[in-house]
Amino acid sequence: MKARALVTLAVIIGSVIAVPVTRPVAAMTTSHWWVTLAFANRDLGAVVEGTGVEQAANCELSLYATSNGGVTLAPPIVLSRRAGCGAGGSTDEMAITADGSWFLATSQDLPHDLFQGRVHHPGFRVVPAARLAPSEPADMVCSVAAAGKSVWVVLANVCGLWSAAVVLVSDNGGATWTRSKDMPLKSVDEANLVDATPPESLVAGVPGSAWLIGTAMSPRKADMVAGPLEVARTTDAGRTWHTSTLPCKTDRIGGLLSAVGNDLAALCLGDPSAGYEPMEVVTSTNGGASWTQRCNNGSLGSVRVVGDCPGFGYPGMIEAMPNGMLVMALGYPIGGVEVSLDGGRAWKLS
């Protein structure tokens, strides 16, 4: 039972049997949680924190910038005082360009618009999703990524499995945006099976290059089964796209993506009710043209000589590192960081 409910119940009981209430509402503990973070390089970055009382009407959303890799943080910039009062969200992504422009897409503050500002500048602005692509207005900013001075966003009417998306790219810090050509993926989402499903996984590389994970076919709504998980890639700022199908075998699929140069890592996730099992990691060394399965932890219907993925937990992120190491962040019920030093075949809790 939540603390607020306990307080209410105590007040009711106290009014009936004249027992004083021993825990006032003011004593409820304030929670702090990291919403998201992003770095343009090893020094320049920012983190976003949520602060407030769980189940309260409004909480506070603040941004802390750093120029020394997080050793010290600048005074916070309060982005919103009406954020959601729950740790995490289905769309919490941040990106920073090489010149210090930051962009935040978050479900902590509604509606799902785009926050943008500059590191070490106290001001910021919130751009409604509908204004980013006036010819095809969308209701939500679902994902954001940056590389160099380029930033990419994914817009949709609903950040989920049933909504086609629009991809925009900006090379001038978000002052103007160019709409990408039609995406070959009709549904850019991992699965949207539960609210905790991670956001659309969009990654950006060298100028003009970006990758997006999604499904090629509209899923059957009756049984929540999506089409095969695919990765769309562009090297010309979205003028043309090519897709490749990931060698993942589960029917109920979610996915996360990471890229370093032309080396990519994708995490395929199964049913969230079982800790996203089965879990599979696949990698590409040619920009997503072809993929190799590295590990799995569930039944695939066939015998494969691959490694073992982490056994249980709710992955929130996979990151490919420049030295070839893969890092996976796991949440409830077993929080931690899993690390692979051999491209995803063996994993160890760090």
Side-chain angles (χ1 to χ4, degrees), residues 36-42 45-46 91-98 101-106 114 141-156 159 165-171 174 180 183-185 187-190 197-215 229-238 240-246 248 253-269 281-291 294 315-329 343-344:
T36 186
L37 77 164
F39 279 78
N41 50 51
R42 63 184 299 172
T91 303
D92 294 316
E93 286 196 353
M94 189 177 188
I96 297 183
T97 60
S101 295
W102 59 260
F103 302 83
L104 172 67
T106 177
L114 185 68
V141 180
C142 301
S143 192
V144 60
K149 294 185 178 181
S150 298
V151 59
W152 301 70
V153 295
V154 176
L155 309 179
C159 297
V166 174
V167 179
L168 306 179
V169 61
S170 174
D171 291 317
S180 169
M183 280 289 301
L185 302 180
S187 176
V188 284
D189 186 87
E190 296 78 44
T197 298
E200 283 78 3
S201 198
L202 168 73
V203 294
V206 296
S209 296
W211 296 265
L212 188 63
I213 201 167
T215 54
L229 199 63
E230 300 196 356
V231 170
R233 64 189 188 280
T234 180
T235 57
D236 55 12
T240 59
W241 291 86
H242 304 277
T243 61
S244 56
T245 301
L246 300 185
C248 301
I253 298 178
L256 292 168
L257 190 64
S258 180
V260 175
N262 280 322
D263 294 335
L264 283 80
L267 177 62
C268 303
L269 305 171
V281 172
V282 296
T283 60
S284 172
T285 57
N286 54 14
S290 61
W291 298 84
R294 306 296 295 179
M317 180 180 294
I318 187 170
E319 285 293 330
M321 310 299 286
N323 62 0
M325 182 171 68
L326 298 181
V327 179
M328 186 188 305

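All heavy atoms count here, side chains included; hydrogens, waters and symmetry mates do not.
The CG atom of Leu257 sits 8.5 Å away from the CG atom of Leu202 when rounded to the nearest 0.5 Å. Rounded to the nearest 0.5 angstrom, Cys248 SG and Glu230 CD are separated by 11.0 Å. Considering CG of Leu326 and CG of Leu267, their distance stands at 10.0 Å, rounded to 0.5 Å. If you take OG1 on Thr235 and NE2 on His242, they are separated by 6.5 Å, rounding to the nearest 0.5 Å. Distance check, rounded to the nearest 0.5 Å: CG of Leu168 to CH2 of Trp152 gives 10.0 Å. With rounding to the nearest 0.5 Å, the separation of CD in Glu93 from CG in Leu114 is 11.5 Å.
Trp102 has its side chain within reach of Met94: a pair of non-hydrogen atoms, C-beta onward, lies under 4.5 Å apart. By the 4.5 Å heavy-atom criterion applied to side chains, Val169 and Val151 are not counted as neighbours.
With sequence neighbours excluded, the residues that form a side chain to side chain donor-acceptor pair (under 3.5 Å) with Ser180 are Trp241. Every residue was checked against the side chain to side chain donor-acceptor pair (under 3.5 Å) condition with Thr36, not counting sequence neighbours, and none meets it.
Asp263 and Thr285 are not linked by any side-chain donor-acceptor pair at a separation below 3.5 angstrom, with hydrogens and angles left out of the test. For Trp291 and Thr283, the side-chain atoms include no donor-acceptor pair closer than 3.5 Å.
Taking every heavy atom of both residues into account, Ser244 and Ala289 meet most closely at CB-O, 3.8 Å. The two residues Ala156 and Cys142 have their closest heavy-atom pair at CB-SG, 3.8 Å. Of all non-hydrogen atoms in Ala46 and Ile96, the two that sit nearest each other are N-CD1, 3.5 Å. Shown here for Asp236 and Thr240, the closest heavy-atom pair between the two residues is OD2-OG1, 2.6 Å. For the pair Ala320 and Val260, the tightest heavy-atom approach, listed with the atom from each and the gap, is O-CG2, 2.8 Å. Nearest heavy atom pair, residue Leu37 against residue Phe39, reads CD1-CE1, 4.0 Å.
In this structure, Arg294 contributes its side chain and Val281 its backbone to no donor-acceptor pair below 3.5 Å. In this structure, the side chain of Trp211 engages the main chain of Gly287 through a donor-acceptor pair within 3.5 Å.
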Derivation and outcome, side-chain contact (heavy atoms from CB on, under 4.5 Å), residues Val154 and Val141: CA-CA 6 Å; Val154 176; Val141 180; over 6 Å; no
I would like to know whether Asn262 and Asn286 meet side-chain contact (heavy atoms from CB on, under 4.5 Å); could you show each step before the answer? CA-CA 6 Å; Asn262 280 322; Asn286 54 14; over 6 Å; no
Using the side-chain contact (heavy atoms from CB on, under 4.5 Å) rule, take Val153 and Phe103 through it: C-alpha gap first, then chi angles, then the decisive distance, then the call. CA-CA 9 Å; Val153 295; Phe103 302 83; 5.9 Å; no
Given Leu246 and Ile213, is the side-chain contact (heavy atoms from CB on, under 4.5 Å) satisfied, shown in steps? CA-CA 10 Å; Leu246 300 185; Ile213 201 167; 3.9 Å; yes
